[in-house]
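What follows is a set of notes on a single structure, which appears directly below.
Keep in mind the model is a prediction, meaning the values are calculated, not measured. All values below come from the heavy atoms of this structure, side chains included, with hydrogens, waters and symmetry mates left out. Below, chains carry the letters A, B, ... as their sequence lines are ordered, and counting in each starts from 1.
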Number of protein chains: 2
Amino acid sequence: MPREKAARLSDVAAVAGVSLATASKALNGNTRISAATRERVRAAAERLDFRPDALARSFASGRSGTIGVLTHRAKNTFARPVAMGAIVQLGAQNQAALVYDGDVQESKAMSASIRELRARRIDGLLVIGDGHEHTSPSLTHYFDVPVTYIFTASRDPGDVMYLPDNRGAGRMATQHLIDTGNTRIAHLGGPERSIAAERRQAGMLDALTAAGLEPVGPVIHSDWTRVRGAAAMAELLQSGAEFDAVFCANDHLALGAMETCAAAGLRIPDDLALIGVDNWEGTVVDQAGSRQLTSVDLELMELGRLGATSLTTTDHTSGEHLTTPTLALGPSTHPA
Amino acid sequence: MPREKAARLSDVAAVAGVSLATASKALNGNTRISAATRERVRAAAERLDFRPDALARSFASGRSGTIGVLTHRAKNTFARPVAMGAIVQLGAQNQAALVYDGDVQESKAMSASIRELRARRIDGLLVIGDGHEHTSPSLTHYFDVPVTYIFTASRDPGDVMYLPDNRGAGRMATQHLIDTGNTRIAHLGGPERSIAAERRQAGMLDALTAAGLEPVGPVIHSDWTRVRGAAAMAELLQSGAEFDAVFCANDHLALGAMETCAAAGLRIPDDLALIGVDNWEGTVVDQAGSRQLTSVDLELMELGRLGATSLTTTDHTSGEHLTTPTLALGPSTHPA
DNA sequence: CTGAAAGCGCTTACAG
DNA sequence: CTGAAAGCGCTTACAG
């Protein structure tokens, strides 16, 4: 691939024997051009290996081919696959990503970023959070291009949001426990004010209700950590409730619970089945390198991918769009 | 921040009472402008909240403000922090990232990407690999903009490369073992043809030689996995060599070694000290959530950051630029 | 030190 | 269906 002087549209027009305007329309799919002319222009473009200059095209059309990406914390473990999935998808659509990493809540830094992005004439904006714990302020009205929120919820319900289906995850986890023969199912929940935690619990109730079951034991809240998971499991055991399975709101809690069970002489999954959420490599895998936990995967890369796609498709509609979780089987639940 | 019609440079010029050309030069730091005029233009620009239209500026200047990013496998666990570090750094420099993810070795897909990137008029290119195992073909001559290779080595030594300092990592790991009182140090190496593995071993020899020591035991190669680490450790124990510490070429090998030691009744670090490389969250942390391994961190996000910076600074010079590793202390080595 | 003018390479009403 | 012309909003030789 030698580096020759690139052909311009005027060269193509000359070779095809048409005007600049006609050449432009022929290549851009304008229908008011005869098939014969279109073909002649196409052939000329191909012969000259014509590629439109993106800079000129942007300037003339007003579209930059660039999407702004506001990440709350790009370093965050869970935000990273979402952001990476989104950015790679943008590239596949030939769109560049202008990424500003910072605290979306901090209005000072944010207003600087907003002004920058507007000057850059971005074609759309992706706001990427680090989970559905709370809601984020809506930035949509600062822009006259489409804005999509991924992995965070905007406070304005009219905004376009892409979120993991936490309720579906809770339903799927619980259903799996039911499918593997459990009927007395307890819950080890996340923080009290976390939207994700609430939804996972609601999903659990969905599945139990559909099966004619009721939750067993007290609802115990936690901070998502392994240490709290171990303590919460101890509380659960001491509560006197009788249960044969526990739906843990995330993998860390499940692993903590597992420790307490081991100390109490309970065998997993024979005496007690456990299931978590996240399916995070390095969490669900034990010291020997083998999977130790059944978990629901929220498909975070796919979440980023879908959110990025929304900007250029008809999927850019108000409200929540949910990614479908998948089940990752491990030894902590009975096989079906 | 209301959304008003943006001020143009001509508005600024009118308010300042100068010509368009003068306004442009005043704002862009051209020195052939009187201080008084410059100040007047600045004030006018500020009053109107003028931000140059990036599209027009790009078109006129020929610079797109976009950097092409070719990732070998963006999904790869180790490549992800590198890519993320690079992309966030580009954003901090107000440069967009046009990311194409694919197999850099596959020339067909690559030549399509190259043509796309050239049409996009990128200001520079980042080629991001997934480690320094082998070398990658040089793409530099396809472009007339700066190209930097990150986390992979180009076959052309004249190219600009950013790599983790694997030799330094080997040196640092071994020196730490020496500093904590070990003198008979064995090695559990990576694959035979891996550049990274070779360098880590060379670094080990550097440190040993400087301390007047010699390596102990056979050099055992492996495939970086925990399973092979366990087997290799068993070989080492059976070899009859006497050693009080093992430098493992990565964390997975060290964890495998740890298992074998546990089975053999060896206490870590009392009977044997172990150190690894990567300091990978989820690898160095055990089931109870606490660190179980001393490891050398290759600082991969920083690697991406530095590589991205190279495109716009004087650091864009031929050859290898190395990121300095850091030591992450854990319970597998004696405290100093 | 300042300004008039050309030009970057396309797209897009508009007229024919 | 086709083309002449204006225009996108800057930057940059060039002349003064």
In whole Å, I'd like the distance from the [atom1] atom of [X] to the [atom2] atom of [N].
X: B:Arg51; N: D:dG9; atom1: CZ; atom2: P; answer: 17 Å
X: B:Leu9; N: D:dT11; atom1: CG; atom2: C1'; answer: 10 Å
X: A:Arg121; N: D:dG9; atom1: CZ; atom2: P; answer: 7 Å
X: A:Asp11; N: C:dG9; atom1: CG; atom2: P; answer: 10 Å
X: B:Arg57; N: D:dC8; atom1: CZ; atom2: C1'; answer: 16 Å
X: A:Arg38; N: D:dT2; atom1: CZ; atom2: P; answer: 9 Å
X: B:Leu27; N: D:dC10; atom1: CG; atom2: C1'; answer: 12 Å
X: A:Arg8; N: C:dG7; atom1: CZ; atom2: P; answer: 12 Å

Q: Going by the side-chain contact (heavy atoms from CB on, under 4.5 Å) test, name the single residue among A:Asn166, A:Asp165, A:Thr324, A:Leu303 that passes it with A:Leu298.
A: A:Asn166
Q.
When both hydrogen-bonding distances must be under 3.5 Å and the geometry is Watson-Crick or G-U wobble, what is C:dG16 paired with, if anything?
A. D:dC1
Q | First encountered from the 5' end of DNA chain C, between B:Ser61 and B:Gly17 | A | B:Gly17
Q: Report the residue (B:Ala60 or B:Thr22) whose heavy-atom-nearest nucleotide on DNA chain C is the more 5′ of the two.
A: B:Thr22
Which nucleotide, [options], lies nearest any side-chain atom of [X]?
X: B:Val18; options: D:dC8, C:dG3, C:dC10; answer: C:dG3
X: B:Asn28; options: C:dC10, C:dC14, D:dT11; answer: D:dT11
X: B:Ala56; options: C:dG3, D:dG9, D:dT11; answer: D:dG9
X: A:Lys25; options: D:dC10, C:dT12, C:dG3; answer: C:dT12
X: A:Ser34; options: D:dC1, D:dT11, C:dG3; answer: D:dC1
X: A:Ser24; options: C:dT12, D:dT12, C:dG9; answer: C:dT12

Q. Using a cut-off of 4.0 Å on non-hydrogen atoms, how would the nucleic acid contact of B:Thr37 be classed: base, sugar-phosphate, or nothing?
A. sugar-phosphate
Q: Please lay out, stage by stage, how B:Asp101 and B:Thr71 fare under the test side-chain hydrogen bond (donor to acceptor under 3.5 Å, both in side chains).
A: CA-CA 5 Å; B:Asp101 185 37; B:Thr71 54; 2.8 Å; yes
Q: Compare all side-chain heavy atoms of A:Phe50 with those of A:Leu9 and state whether any distance is below 4.5 angstrom.
A: yes
Q. Should A:Phe143 and A:Ile114 count as side-chain neighbours, where that means a heavy-atom distance under 4.5 Å?
A. yes
Q: Can you see which heavy atom on B:Thr317 is nearest to which on B:His321, and at what distance?
A: O-NE2, 2.8 Å
